[in-house]
Undergrad: 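If you scroll down you'll find the structure; I have some questions about it.
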Amino acid sequence: MAYHLYHYEPSLAAAVIFIILFTASTGLHFIQMAKTRMWFFVAFCCGGIFEVIGYIGRTIPGTLGAYVVQSIFLLVAPALFAASIYMELGRIVELVDGERYLFVRRRWLTGIFVTGDVLSFFMQGGGGGLMGSDKPDSRATGSHVIVGGLFVQIVFFGCFIITAVLFHMRLHRAPTQRVLTHQPPYLRHLLALYATSLLIFVRSIVRVVEFIQGLDGYVISHEIFIYLFDAVLMLGVMLIMNWVHPSEVTTYLTGGKMSKGLRLVEYSTAAQTSA
């Protein structure tokens, strides 16, 4: 080919390690989702599949198809994580009956952020496809489209974090009656949202720097960055959500089964009502 797919020899061992880790976490997420019927977490689980496919692509160096696969799937996986994270905030607001502490109606909250997430998803995916071209102009265009998609993701994630923090501060200053009476476990889920959002935010900033530097930049030329600032951070997102699973939020509202830590727990809203 007229260009080198990588500026280094991709590590087979590192790719296999993260294939195993992402497969384990993704498998657990599918079990948790099925057992607790948290279907809004389908996007998150698909993000885990994308991570696995992406790192499988990195085990087949030297072929254009595998390069395009790893490029696209690793780029867009965090957007799928983000979609489910956005949806969980709306459920936390409902859990504490705190819609008045939002600057936008709860029913619009998810739609606004998911719309930005979908836009980011398609921009990054389209740019990743162009990056697989053997034409320098197409690759440069793909890089610019990816940067645009990452900036969209960063802007919406920034607004999301601000929204969550403002909601949290207002709720802390003036707890709702539901919080005072039932003491639902909203705080641990908000902290999980902060942690996962921060990890995705940092990852997106590093990827922006990577593509702004260009195809011969320092970040893209050193494999350590893809693992330290993408693989490790996104695995952290998945593991946090394995442990602080959003099924607890919905179950406190409707009853049923929830994943608490790694245990499956049955919960009845009648217990909450009588408390």
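Sequential numbering from 1 along the given sequence is applied to the chain's residues. All values below come from the heavy atoms of this structure, side chains included, with hydrogens, waters and symmetry mates left out.
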Undergrad: Return the NZ to OG distance between Lys35 and Ser247, rounded to the nearest 0.5 Å.
TA: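 Reported value, rounded in 0.5 Å steps: 13.0 Å.
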Undergrad: Under 3.5 Å, is there a donor-acceptor pair between the side chain of Thr59 and the main chain of Leu12?
TA: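 Not at all, since once roles are kept as given, no pair shorter than 3.5 Å links the two residues.
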Undergrad: Just so I know, are the side chains of Val265 and Lys257 near enough to count as touching, which here means a heavy-atom distance under 4.5 Å?
TA: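 Val265 does not reach Lys257 side chain to side chain.
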Undergrad: Within the 4.5 Å heavy-atom criterion, are Phe167 and Leu109 side-chain neighbours or not?
TA: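 No, their side chains stay 4.5 Å or more apart.
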Undergrad: Could you work out, with salt bridge (Lys or Arg N to Asp or Glu O under 4.0 Å) as the rule, every residue matching Glu94, not counting sequence neighbours?
TA: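 Per chain and number, Glu94 pairs via salt bridge (Lys or Arg N to Asp or Glu O under 4.0 Å) with Arg106.
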Undergrad: Tell me whether Arg37 at atom CZ has more than 12 heavy atoms from other residues, nucleotides or ligands lying less than 6.0 Å away.
TA: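 No, the 6.0 Å shell around CZ holds no more than 12 heavy atoms from other groups.
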Undergrad: If every non-hydrogen atom of Trp108 is compared with every non-hydrogen atom of Val104, which pair is closest and at what distance?
TA: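 Residues Trp108 and Val104, closest heavy atoms: CB-CG2, 3.8 Å.
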Undergrad: Where is the tightest heavy-atom contact between Gln213 and Val219, given as atom of each residue plus distance?
TA: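 Reported closest heavy-atom pair: OE1-N, 3.0 Å.
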Undergrad: After noting the C-alpha distance and the side-chain angles of Ile220 and Glu210, does the key distance pass the side-chain contact (heavy atoms from CB on, under 4.5 Å) rule?
TA: CA-CA 6 Å; Ile220 203 171; Glu210 172 187 335; 3.6 Å; yes
Undergrad: Can you tell me how the ring of Phe157 sits relative to the ring of Tyr86, calling it parallel under 30°, perpendicular over 60° and tilted otherwise?
TA: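 Tilted, since the angle between the ring planes falls between 30° and 60°.
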Undergrad: Got a sec: does the CZ of Phe122 have more than 12 other heavy atoms crowding it under 6.0 Å?
TA: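 Atom CZ in Phe122 is not packed in, count stays at 12 or less.
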Undergrad: Check the hydrophobic clustering (I, L, V, M, F, W, Y; side-chain heavy atoms under 4.5 Å; chains of links allowed) and say if Val155 and Phe121 are grouped together.
TA: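 Per the 4.5 Å side-chain linkage, Val155 and Phe121 are not co-clustered.
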Undergrad: Tell me yes or no: between the side chains of Thr176 and Asp97, is some donor less than 3.5 Å from an acceptor?
TA: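 Looking only at side-chain atoms, Asp97 and Thr176 do not form any donor-acceptor pair under 3.5 Å.
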Undergrad: Just so I know, are the side chains of Phe151 and Val147 near enough to count as touching, which here means a heavy-atom distance under 4.5 Å?
TA: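 Side chain of Phe151 against side chain of Val147, heavy atoms only: contact under 4.5 Å found.
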Undergrad: Between Leu75 and Gly128, which heavy-atom pair has the shortest distance, and what is it?
TA: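 Heavy atoms of Leu75 and Gly128 come nearest at CD1-CA, 4.2 Å.
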Undergrad: Would you check if the side chain of Glu248 reaches a backbone N or O of Pro185 as a donor-acceptor pair within less than 3.5 Å?
TA: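 Flag not set: sc Glu248 to bb Pro185 has no pair under 3.5 Å.
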Undergrad: Using a distance-only test with no angle check, is there a side-chain donor-acceptor pair under 3.5 angstrom linking Ser84 and Glu88?
TA: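 Absent: no donor and acceptor within the cut-off.
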Undergrad: With a 6.0 Å cut-off (strictly less than), is the heavy-atom count around OH of Tyr101, excluding the residue itself, greater than 12?
TA: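 Correct, the count exceeds 12.
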Undergrad: Output, in order, the C-alpha distance, side-chain angles, deciding distance and verdict of side-chain contact (heavy atoms from CB on, under 4.5 Å) for Thr251 and Thr36.
TA: CA-CA 8 Å; Thr251 301; Thr36 62; 5.6 Å; no
Undergrad: Measure from the ring center of Tyr252 to the ring center of His182 and say whether it is less than 6.0 Å.
TA: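 No - the distance between ring centres of Tyr252 and His182 does not fall below the 6.0 Å cut-off.
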Undergrad: State, yes or no, whether a side-chain contact exists between Thr63 and Ile60 at a heavy-atom distance under 4.5 Å.
TA: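 Yes; the side chains approach each other to less than 4.5 Å.
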Undergrad: Rounded to the nearest 0.5 Å, what separation is found between the CD1 atom of Ile154 and the SG atom of Cys159?
TA: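 That separation rounds to 12.0 Å.
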Undergrad: Measure the shortest side-chain to side-chain distance between Tyr6 and Gln70 over non-hydrogen atoms and say whether it is less than 4.5 angstrom.
TA: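 They are in contact (side-chain heavy atoms under 4.5 Å apart), so the answer is yes.
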Undergrad: Does any non-hydrogen side-chain atom of Leu89 lie less than 4.5 Å from one of Ile85?
TA: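 No, too far: nothing below the 4.5 Å cut-off.
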Undergrad: Find the distance between CG (Asn242) and OG (Ser25) and round it off to the nearest 0.5 Å.
TA: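 Asn242 CG to Ser25 OG: 3.5 Å, rounded to 0.5 Å.
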Undergrad: With clusters defined by side-chain heavy atoms of hydrophobic residues (ILVMFWY) lying less than 4.5 Å apart, directly or transitively, does Ile112 cluster with Val165?
TA: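 Yes, it is one cluster - the side chains of Val165 and Ile112 are joined through contacts under 4.5 Å.
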Undergrad: Just how far is it from atom CG of Leu150 to atom CD1 of Ile212, taken to the nearest 0.5 Å?
TA: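 The distance works out to 9.0 Å.
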Undergrad: Where the side chain of Ser71 meets the backbone of Tyr67, is there a donor-acceptor pair that is under 3.5 Å apart?
TA: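 Checked: no pair found.
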Undergrad: For the hydrophobic clusters of this structure (ILVMFWY residues joined by side-chain heavy atoms under 4.5 Å, transitively), does one cluster hold both Phe103 and Val93?
TA: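 Phe103 and Val93: one cluster.
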Undergrad: Please tabulate, for the side chains in residues 221-241, all donor-acceptor contacts under 3.5 angstrom to protein atoms that are two or more places apart in sequence or on a different chain.
TA:
from	atom 1	to	atom 2	distance (Å)
Ser221	OG	Gly217	O	2.5
His222	ND1	Tyr218	O	2.6
Glu223	OE1	Ser11	N	3.1
Glu223	OE2	Ser11	N	3.0
Glu223	OE2	Arg58	NH2	3.1
Tyr227	OH	Ala15	N	3.3
Asp230	OD2	Arg203	NE	3.3
Asp230	OD2	Arg207	NH1	2.6

Undergrad: Locate the shortest heavy-atom distance separating Leu130 from Gly142; write the atom from each residue and the value.
TA: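 Distance-wise, the nearest heavy atoms are CB-CA, 3.6 Å.
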Undergrad: State yes or no: do Leu264 and Phe41 share one hydrophobic cluster built from I, L, V, M, F, W and Y residues joined by side-chain heavy-atom distances below 4.5 Å, directly or via other members?
TA: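 In one cluster: no.
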Undergrad: Distance-only, no hydrogens or angles: does the Thr196 side chain make a donor-acceptor pair with backbone N or O of Leu193 under 3.5 Å?
TA: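 Yes, because the side chain of Thr196 sits within donor-acceptor range (under 3.5 Å) of the backbone of Leu193.
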Undergrad: Does the structure place the NZ or CZ of Arg91 under 6.0 Å from the centre of the six-membered ring of Phe40, at an angle of no more than 45° from the ring's axis?
TA: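 Yes - Arg91 lies over the ring of Phe40, closer than 6.0 Å to its centre and within 45° of its axis.
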Undergrad: Hey, what's the ring geometry for His168 with Tyr186, parallel, tilted or perpendicular (30° and 60° as the breaks)?
TA: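 Perpendicular.
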Undergrad: Evaluate the criterion side-chain contact (heavy atoms from CB on, under 4.5 Å) for residue pair Ile146 and Met123; output intermediate values, then yes/no.
TA: CA-CA 6 Å; Ile146 289 171; Met123 289 179 70; over 6 Å; no
Undergrad: Do the side chains of Leu191 and Phe201 join up, straight or via other hydrophobic residues, at under 4.5 Å, putting them in one cluster?
TA: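 Hydrophobic grouping puts Leu191 with Phe201.
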Undergrad: For Phe160 and Phe113, take the angle between the two ring planes, folded into 0 to 90°, and tell me which bin it lands in: parallel under 30, tilted 30 to 60, perpendicular over 60.
TA: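 Perpendicular, since the angle between the ring planes exceeds 60°.
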Undergrad: Say whether, by atom type as modelled, one donor and one acceptor occur between the side chain of Ser120 and the main chain of Gly116 under 3.5 angstrom.
TA: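 Such a contact is absent between Ser120 side chain and Gly116 backbone.
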Undergrad: For the residue pair Ala66 and Gly57, what are the closest heavy atoms and their distance?
TA: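 Smallest heavy-atom distance, with atoms named: CB-O, 3.5 Å.
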Undergrad: Rounded at 0.5 Å granularity, tell me how far CD1 in Ile92 sits from CG in Leu190.
TA: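 Here the rounded value is 4.5 Å.
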Undergrad: May I have the step-by-step check of side-chain contact (heavy atoms from CB on, under 4.5 Å) for Arg170 and Arg100, ending in yes or no?
TA: CA-CA 9 Å; Arg170 291 168 178 172; Arg100 64 182 179 273; over 6 Å; no
Undergrad: If you round to the nearest 0.5 Å, how far is CG of Leu119 from CZ of Phe156?
TA: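 So the CZ of Phe156 and the CG of Leu119 are separated by 7.0 Å.
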Undergrad: Is there a side-chain contact between Phe50 and Leu74 in this structure, where contact means two heavy atoms from C-beta onward sitting under 4.5 Å apart?
TA: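 Phe50 does not reach Leu74 side chain to side chain.
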Undergrad: For Val76 versus Gly125, what's the shortest heavy-atom pair and its separation?
TA: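 Reported closest heavy-atom pair: CG1-N, 3.6 Å.
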